[in-house]
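These notes are about the structure you will find just below.
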Amino acid sequence: MTVTEAPRNCRPDSLKIAPAGDWRYYSPPPDRIGMGFPMAPELNEPQIEAVTHASGPLLVFAGAGSGKTRVITYRVFHLLAEHQVPPYRILTVTFTNKAAGELRERLRRLTGEGVTNDLWVGTFHAVCARFLRRYHDAVGLERSFSIYDESDQRAVVTRVLRELGLDERRLPPKIVLSRIHAEKREGRGPDAVELDSTFDAALRDVYQRYQAALVAANAVDFEDLILHVMRLAEEPEGIVGRELRSRFAHVLVDEFQDTNLIQYRLLRALAATTQNLCVVGDDDQSIYRWRGADVRLIRGFRRDFPQATVVKLEQNYRSTGHIVTAALGVIAPSATREPKRLWTAAEAGAPVRVVAAGDERDEAAFVVRTIQQELGRNTDARQIAVFYRIHAQSRVIEEALRGERIPYQVIGGMKFFERAEVKDLLGYLRLVDNPRSDADLMRVINVPARGIGQKTVQRLLEVATGRGSAAYDAIDAVLRDGGLGSAAKSKLVAFRDLVEGLRHAATDTPPHAMARLVLERTGYRDALREEDTAESDARLENIEELVGSIVEYEAESVDTGEPATLRGYLERVSLVAAVDGMKDVPCISLMTVHGAKGLEFTSVILTGMEEEVFPYRGVGGDHPEELDEERRLAYVAVTRARERLAIVYAAQRTLFGQTRYLAPSRFLADLPRSAVVHERASARAPIAGRFDRGAVGLADGGCRSPAPGSGERIVDPEFFDDLPPTDDTSGIRPGRRVFHRRFGEGTVEGIESGAKPIVVARFEGFGVRKILAEFLELA
DNA sequence: CCGTCTACCATTTTT
DNA sequence: TGGTAGACGG
């Protein structure tokens, strides 16, 4: 969704410009007249049809790079300006918060400030959270409910499994949890689980208790957000249901191909009154099957809405000809597709480079060279991206980039919010907002150590489960007849006093100040300071960064006019996507192909194009459907590139500590010959381009690859020998130039001693930073 | 009750 | 390979 200004490669003469008469639709609202409203935006015929469609269901098949975001933006604008629909009666559901922000921003430019703030724009989860804050009563929650992330959810499941005396090895929490989520996504409660096996019977019990535990903790998981609101919206009689069904005059959905069943049901309910449901998507880009996305929903939309108007956007404005041709080759073999033909009026441009590498280091070296060439021809670093199928591939590339001092950012991984100290602080803050949140209580009750041990916590949980209440609410009962010693009791009381004190303070303390108060009163900061190790210093730094992010949130709130609340911040943190963390700093981006969805770059390097890696295969054979999804994923990857695309495959790769020979991906064989050139990354690479349909993707096709799944290991003993050492800090002293992964090059101003030295350095564009020496390298 | 060590685990993609 | 959960010793 980084579509920004006019499409890059569109030639004016090839654009179908709408007849002049049509522009009356875009007459600006009175307060915008004379403020630079673009009077003749270039839209082609189908785009205009989608934008001006007045009422009733609308299905837009939007091919890759076909101007989808423009269509949504202008459609919303058209509804506001031409049909005078009040902004608060238009709901637009996007896939990420970033996409929502961009849509808002573009509309702001068209309509002005006030109107945009009243629009409903957000992800399914964010929108539902907002509804639930309002209708919490109807689903048995308090307004202050918490949103549990994956690890919180797992903690709940583990606790439930133990309470039920079930074997965690036979029922791994992870598997159980994914089954529960699958049930929820199909709209089934615990009682509706179909019993096909003893596993299902156990699952039903666990699901039941899991749900009860969430309710007791005044918490929801991600699926609950949707499911609760969907149920409310479908409720035929209730006031809430009626309100939800008539609230919006228009509902628009982006990336509809990745919608799951309960999301779809929710949409249908929300649009029930007017039937003004506009869905935009591309079945060729459906890549979230594992998360419940169901391509059949977009493919079958016409069955559910026979009166739907269907528009197909087939002209690609993003990529040059060879890239579009390559993309079409990759997607063509896909089993069942909505018929459509993507085309471009752009020139052919550079052919797609298909590059053979010896191994992943060879590949990384190629990546680095290619990036340097791009930078050499003045390509904006922000317009360069490296894609991989799985995160585990990123490390080697990162090392190579660091070696050449190329600043980069890794999108996703979301490591920051997974750090213990970050989760601890957030845990306290969530507890302040919602003391009943058991997962948070258990997390922080003894952090820093305050003498509340296993036994006390165990007792607390037992009593809580017995009363069907949250642990926090069970403290009184435990004190009365929990059989605890007086020391344990007084410590428990002290903890509660601590939390109550914080809660009291929270009523008139801004969020960032609350964070500092927590750090102080809980002794968390002192404990870390006392520790005084490199690690504790790094933790303090992370905590400061978290506080900084709260300050940032507060500043943004001033812009949007929404009050900055602790709850608002916590909700935001819970619902961020990987790309939401993408910063607009001048450096190249590394990300998984999933993370690249909706983005575009001038130059893209797609790595790891080998069988087993892409298409990825874990245990289990290849289900045709899963293979199809991998193919669509490859299609997404290829279509992100505007002008230059290189696709790299390595003959040998080490992943998860295992080195194997891998055959080139079968998808390479689908690239039309006219659109590609073959190269070798180095002399260590196999002969380039020696594959055709017979050779690619098949173990017997002339590649020295062990049979898939044979488990054969081929380890190169010299492999790790010359990786750069990471802990060499000896050469750093004031005045020297150093390199940091995020900040790029800087000058050392001083060194603070400690268990591990901290370097004070000034970075261009980032100012003075204090950084542990181990994170720096000499430039 | 605390922290450290070890052995074991699995090992995609993420709201 | 690296993270995590559980056991063990202090």
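Just so we're on the same page: letters track the sequence lines, and every chain starts at 1.
- Residues A:Tyr210 and A:Asp221 have side chains that bring a donor and an acceptor to within less than 3.5 angstrom of each other.
- Stacking is found between A:Trp290 and the pyrimidine-like six-membered ring of the B:dT13 base under the 5.5 Å centre-distance and 30° plane-angle cut-offs.
- Atom OH of A:Tyr635 and atom C1' of B:dT13 are 20 Å apart (whole Å).
- The salt bridge (charged side-chain N to carboxylate O under 4.0 Å, His left out) check on A:Asp283 picks up A:Arg299, A:Lys340, with sequence neighbours excluded.
- One interatomic measurement links the two molecules: CG of A:Leu627 to C1' of B:dT13, which rounds to 16 Å at whole-angstrom precision.
- Contacts of A:Arg539 classified as salt bridge (charged side-chain N to carboxylate O under 4.0 Å, His left out), with partners at least two apart in sequence or in another chain: A:Glu421, A:Glu535.
- The distance between atom CD1 of A:Ile287 and atom C1' of B:dT14, rounded to the nearest whole Å, is 10 Å.
- Between the base of B:dT14 and the side chain of A:Arg291 there is no donor-acceptor pair shorter than 3.5 Å.
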Any protein N or O atoms within reach of nucleotides 6-10 of chain C? Criterion: under 3.5 Å, listing atom names and distances.
unit_1	atom_1	unit_2	atom_2	d
C:dG6	OP1	A:Arg162	NH2	3.4
C:dG6	OP2	A:Arg162	NH2	3.4

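- In this structure A:Arg185 satisfies the salt bridge (charged side-chain N to carboxylate O under 4.0 Å, His left out) test together with A:Glu223, sequence neighbours excluded.
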Protein and nucleotides 5-11 of chain B: nitrogen or oxygen contacts under 3.5 angstrom:
none

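- Here the C1' atom of nucleotide B:dT13 and the CD atom of A:Gln393 are 12 Å apart, to the nearest Å.
- Not counting sequence neighbours, the partners of A:Phe131 by the ring-ring contact (aromatic ring centres under 6.0 Å, His included) test are A:Trp120.
- Partners of A:Arg188 by salt bridge (charged side-chain N to carboxylate O under 4.0 Å, His left out), not counting sequence neighbours, listed by chain and number: A:Glu183.
- Atoms CG (A:Leu261) and C1' (B:dT15) sit 17 Å apart, rounded to a whole Å.
- For the residue pair A:Ser146 / A:Asp433, no side-chain donor-acceptor distance below 3.5 Å is found, with atom types taken as modelled.
- The CG-C1' distance, from A:Leu225 to B:dT15, rounds to 9 Å in whole Å.
- With sequence neighbours left out, A:Arg268 forms a side chain to side chain donor-acceptor pair (under 3.5 Å) with A:Asp304.
- Comparing A:Glu630 and A:Phe124, the nucleotide of DNA chain B nearest to each residue sits closer to the 5' end for A:Glu630.
- Remark: A:Thr592 is in phosphate contact with B:dT14, judged by side-chain N or O atoms under 4.0 Å from OP1 or OP2.
- Under the rule for a ring-ring contact (aromatic ring centres under 6.0 Å, His included), A:Phe495 has no partner lying at least two apart in sequence or in another chain.
- Judged as a side chain to side chain donor-acceptor pair (under 3.5 Å), and not counting sequence neighbours, the contacts of A:Glu556 are A:Arg572.
- Checked against ring-ring contact (aromatic ring centres under 6.0 Å, His included), A:Tyr288 has the following partners two or more places apart in sequence or in another chain: A:Phe95, A:Trp290, A:His594.
- Out of B:dC1, C:dG2, B:dT14, the shortest distance to the side chain of A:Arg395 is found at C:dG2.
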- [ ] Give the intermediate values and the outcome of side chain to side chain contact (heavy atoms under 4.5 Å, CB included) for residues A:Leu599 and A:Met591.
- [x] CA-CA 11 Å; A:Leu599 304 179; A:Met591 65 189 80; 3.7 Å; yes
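- The nearest whole Å value for the distance from the CZ atom in A:Arg154 to the C1' atom in C:dG3 is 11 Å.
- A:Glu223 comes within 4.0 angstrom of nothing in the nucleic acid, heavy atoms only.
- Atom CZ in A:Phe222 sits roughly 8 Å away from atom P in B:dT15 (whole-Å rounding).
- At B:dC1, one or more side-chain N or O atoms of A:Thr456 fall inside 4.0 Å of OP1 or OP2 (strictly under the cut-off).
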Mind listing the N/O atom pairs, protein and nucleotides 2-4 of chain B, below 3.5 Å?
unit_1	atom_1	unit_2	atom_2	d
B:dC2	OP1	A:Asn446	ND2	3.1
B:dC2	OP1	A:Gly451	N	3.4
B:dC2	OP2	A:Asn446	ND2	3.4

